[in-house]
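Here's the structure, in structure tokens; my notes come after.
For ligands, and for the atoms within them, numbers begin at 1 and follow the listed sequence.
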Amino acid sequence: MAQIDPDLIPSHHLHRVLLSAIAPRPIAFASTVDSSGKANLSPFSCFNVFGVNPSTLIFSPSRSGRTNELKDTLLNVKEIPEVVINMVTYSMVEQMNLASTEFPRGVNEFFKSGFTPVPSEKIKPYRVKESPVQIECKVRQVIETGSGAGAANLVVCEVVLIHINDKVLDKKGAIDTRKLDLVGRMGADYYVRASGRSLFTLEKPSGKAAVGVDIFPEDVRMSAILTGNDLGRLGGVHALPTAPEIVKYMASPYFRTILTKHSGNKEKITEEAHKLAHGLITKNELQEALLLVLATSNFAVNDV
Ligand SMILES: Cc1cc2nc3c(=O)[nH]c(=O)nc-3n(C[C@H](O)[C@H](O)[C@H](O)COP(=O)(O)O)c2cc1C
């Protein structure tokens, strides 16, 4: 493993490492105004949601890594503590990228990038019409983490109104992730598009206790065939098959065929059983997979 001690490398290198490792990051397309009402629009991927009571979003216009200058967005929220956070979809990426150009203070990136400003309802900054989710926020706090180049300035926002385009809602009125087509920022010039085959679902563990991976015998935990994801699925069940169920399974023609096919060679039997179990797990047949791996662990050569 390569090791990096943050105290021993230049900060621009550390920045690259951290932004490549901590990804994908959602993008806050932040619309602000200065005290004279001039609009500003810039993307920030040091951004996330942190709670709902009060609803808390944080993004960070950091000090410039090259010049240590403060960004216009930060200066604006200090003058007018309000911001619209617009979510960025794939159809917006080129214009969003253009808006990130370091234009002089006072230049309106809505016009430079060709996005359409729409008045907000509760705050002064404009919303981005092309964005399907526009979040009006009041800035509650700005936390400056340092005074050196690249230091973060955490802009802590409270949501006051959310606008969602009907086109990204499902029949029940909830946001349909598959319709959103959001993008995230990775390291260097990489982005990720959250749509199509990139999306997958993972059921939350239910309220019931899971057995955990540590309950399995060593040959299962250390299997060269079963993956970490397989073990995660098996360890997520609420209960293992009972001893009588395993004994009954061991006597089944299916299991006996595997034993006799490999003439009692435990290594080969385990390999085949784990391959079969992997297939069963893929098909979500978890109890069947458990019976197979536990029966295989239990059998002794003289059982054949
Ligand atoms: C996708 C994307 C994400 C970005 N994320 C950040 C960020 O989290 N923090 C930051 O300081 N700059 C970030 N930048 C760079 C700023 O957008 C850029 O410095 C911009 O010119 C700042 O504008 P402003 O001075 O008008 O606020 C990002 C740029 C892009 C394209």
Look at [atom] and say which protein heavy atom is nearest, naming residue and atom and giving the distance to 0.1 Å.
atom	result
atom 12 (N) of ligand 1	K71 NZ, 3.1 Å
atom 8 (O) of ligand 1	C46 N, 2.8 Å
atom 5 (N) of ligand 1	S45 N, 2.8 Å
atom 20 (C) of ligand 1	S100 O, 3.3 Å
atom 25 (O) of ligand 1	D72 N, 2.9 Å

Side chain, backbone, both or neither: which part of [X] comes within less than 4.0 Å of ligand 1 when only heavy atoms are counted?
X	result
R105	neither
N40	side chain
R185	side chain
S42	side chain
S60	backbone

Looking at [Y] and [X], is there a salt bridge between them, counting it only when a charged N and a carboxylate O are closer than 4.0 Å?
X	Y	answer
E158	K138	no
K172	D170	no
K266	E272	no

Using atom types as modelled and distance alone, determine if a side-chain donor or acceptor of T260 lies under 3.5 Å from a backbone N or O of R256.
->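 Here the side-chain-to-backbone pair exists.
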
Check each atom of ligand 1 against the heavy atoms of [X] and keep those under 4.0 Å away; list them by number with element.
X	value
T73	24 (P), 27 (O)
T101	21 (O)
E109	26 (O)

Mark the output for [X] as yes if a heavy-atom distance to ligand 1 is under 4.0 Å, and as no if none is.
X	answer
F59	no
L74	no
R25	no

Cation over ring face, R221 and F216, 6.0 Å, 45° |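 Judged by the rule (NZ or CZ under 6.0 Å from the ring centre, within 45° of its axis), R221 is not positioned above F216.
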
In this structure, is the centre-to-centre distance between the rings of [Y] and [X] below 6.0 Å?
X	Y	answer
F44	F59	yes
Y191	Y90	no
F255	Y249	yes

Between E271 and K275, does a salt bridge (Lys or Arg N to Asp or Glu O under 4.0 Å) hold up when you go through it step by step?
-> CA-CA 6 Å; E271 190 183 323; K275 279 184 186 159; 3.2 Å; yes

Evaluating non-hydrogen atoms only, which member of F47, Y191, F44, F103 is closest to atom 31 (C) of ligand 1?
->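 Looking at heavy atoms only, the winner is Y191.
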
Nearest heavy atom to atom 14 (N) of ligand 1 wins, so pick from P61, S62, P43.
->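 Nearest option to atom 14 (N) of ligand 1, by heavy atoms: P43.
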
For residues S131 and Q134, is any side-chain donor paired with an opposing acceptor at under 3.5 Å?
->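 No, no side-chain donor-acceptor contact under 3.5 Å.
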
From the options D34, N40, L70, select the one residue that forms a side chain to side chain contact (heavy atoms under 4.5 Å, CB included) with L75.
->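 For L75, the side chain to side chain contact (heavy atoms under 4.5 Å, CB included) test succeeds with only one of D34, N40, L70, which is L70.
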
